[in-house]
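Data block below; observations after.
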Amino acid sequence: MDIEKVNSMDFGEFVDVFGNVIERCPLIAAAVWSQRPFSNLEDLEKHFFAFIDALPQSGQEGILRCHPDLAGRELQRGTLTAESQREQRSAGLTSLGADERLRLAELNAQYRARFGFPFVLAARLSDPAAVRRELARRLHRPPAQELRTALGEVKKIGHLRLAELLGAHPATL
Ligand SMILES: NC(=O)NC1=NC(=O)NC1=O
């Protein structure tokens with residue numbers, strides 16, 4: 001898909017295609033549509049990220065809260081979005097043993113209790129051991145720093161999803 005095609009989309013089509021670039025936050029795509037035309041794919045991505053950066057902390061935390069846990073209940077119940085399902089599967093999180101799943105659930109619960117939002121990491125680039133290691137490491141970070149780190153992961157997920165949608169290679173988007 002090229003930038004001319006993106007710029008030609010009406011509101012409904014644009015939100016249909018880009019509504020889940022940021023997990024369960026179609027509002028962001030709805031807002032970004034108004035910024036068209038986009039000069040190129042990087043410009044499109046920049047508008048998604050600028051929207052997130054301009055939000056008050058409550059809005060940024062809200063975005064994090066829209067993310068399902070890694071290897072959590074939604075994965076077990078099969079209620080993940082298609083993108084999340086693919087990402088979690090590619091990280092090996094759909095075939096964990098009971099002990100590993102329980103360990104992650106405990107760490108996720110500790111993280112959420114400390115920060116008030118779920119642990120978010122770009123799963124596509126990861127694996128179960130790395131997820132557990134990152135979770136344990138970030139669990140002790142100062143809240144302000146962890147909010148920035150978590151939003152950085154939301155942007156990595158968004159970058160990979162946009163690259164997938166546009167048929168671009170992630171590095172070159
Ligand atoms: N809590 C999360 O990090 N969730 C996710 N990371 C991904 O890459 N996809 C998700 O759903």
Side-chain angles (χ1 to χ4, degrees), residues 15-29 32 41 44-45 48-49 51-53 55 57-98 100-171 173:
V15 175
D16 276 351
V17 171
F18 297 105
N20 207 44
V21 163
I22 307 298
E23 180 72 4
R24 293 180 173 152
C25 291
L27 165 71
I28 302 179
V32 166
L41 308 183
L44 173 65
E45 178 179 91
F48 272 87
F49 296 172
F51 184 93
I52 294 174
D53 293 340
L55 285 173
Q57 180 168 329
S58 59
Q60 294 176 334
E61 291 178 353
I63 289 176
L64 296 171
R65 295 188 186 110
C66 286
H67 284 69
D69 279 347
L70 291 173
R73 252 198 300 275
E74 291 214 50
L75 178 65
Q76 308 314 321
R77 289 183 185 149
T79 56
L80 290 174
T81 58
E83 294 87 349
S84 174
Q85 175 68 28
R86 272 199 302 276
E87 288 149 357
Q88 298 211 29
R89 185 182 312 113
S90 73
L93 297 175
T94 50
S95 50
L96 292 181
E100 181 66 8
R101 200 166 48 241
L102 193 64
R103 178 74 185 124
L104 275 182
E106 282 164 1
L107 285 169
N108 270 323
Q110 288 172 33
Y111 181 99
R112 191 189 288 268
R114 173 168 163 74
F115 296 107
F117 49 77
F119 174 74
V120 176
L121 170 139
R124 184 97 62 89
L125 313 171
S126 197
D127 62 68
V131 169
R132 198 180 58 248
R133 198 168 49 245
E134 275 299 285
L135 226 176
R137 190 171 67 84
R138 288 169 45 189
L139 185 56
H140 306 294
R141 284 280 185 74
Q145 181 188 356
E146 184 53 24
L147 175 63
R148 284 193 301 277
T149 301
L151 291 171
E153 292 299 312
V154 169
K155 291 175 181 176
K156 276 186 205 165
I157 296 166
H159 174 78
L160 292 166
R161 288 185 182 185
L162 270 174
E164 181 107 27
L165 281 167
L166 299 167
H169 299 292
L173 189 80

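Note that ligands are numbered from 1 as they come in the structure, with each ligand's atoms numbered from 1 the same way.
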- Part of Ala123 with heavy atoms under 4.0 Å of ligand 1, whether side chain, backbone, both or neither: both

Kindly indicate whether the side chain of [X], heavy atoms from C-beta on, has any atom under 4.5 Å from the side chain of [Y].
{"X": "Leu75", "Y": "Gln85", "answer": "yes"}
{"X": "Leu160", "Y": "Glu87", "answer": "no"}
{"X": "Leu70", "Y": "Leu104", "answer": "no"}

- Message: For a quick test of reading the model, state the closest non-hydrogen atom pair linking Ala122 to Lys156 and the distance between them.
- Response: CB-CB, 3.8 Å

For [atom], what is the closest protein heavy atom, and at what distance to 0.1 Å?
{"atom": "atom 9 (N) of ligand 1", "value": "Glu87 OE1, 2.7 Å"}
{"atom": "atom 5 (C) of ligand 1", "value": "Leu70 CD2, 3.6 Å"}
{"atom": "atom 4 (N) of ligand 1", "value": "Pro68 O, 3.2 Å"}

Proximal atoms of ligand 1 relative to [X] (non-hydrogen, under 4.0 Å):
{"X": "Ser84", "answer": "10 (C), 11 (O)"}
{"X": "Phe119", "answer": "1 (N), 2 (C), 3 (O)"}
{"X": "Val120", "answer": "1 (N), 2 (C), 3 (O)"}
{"X": "Ala122", "answer": "8 (O)"}
{"X": "Gln88", "answer": "11 (O)"}
{"X": "Ile157", "answer": "6 (N), 7 (C), 8 (O)"}

- Message: Determine whether Phe51 and Ile22 satisfy the following criterion, side chain to side chain contact (heavy atoms under 4.5 Å, CB included), listing intermediate values before the conclusion.
- Response: CA-CA 11 Å; Phe51 184 93; Ile22 307 298; over 6 Å; no

- May I ask you to decide whether Arg161 forms a salt bridge with Glu164, counting only side-chain N to carboxylate O separations under 4.0 Å? no

- Query: Under a 4.0 Å N-O cut-off, is there an ion pair linking Glu100 with Arg103?
  - Reply: no

- Task: Return yes or no for this condition: an N or O of Leu121 is under 3.5 Å from an N or O of ligand 1.
- Result: yes

- Answer yes or no: are there more than 12 heavy-atom neighbours, outside Arg73 itself, under 6.0 Å from its atom CZ? no

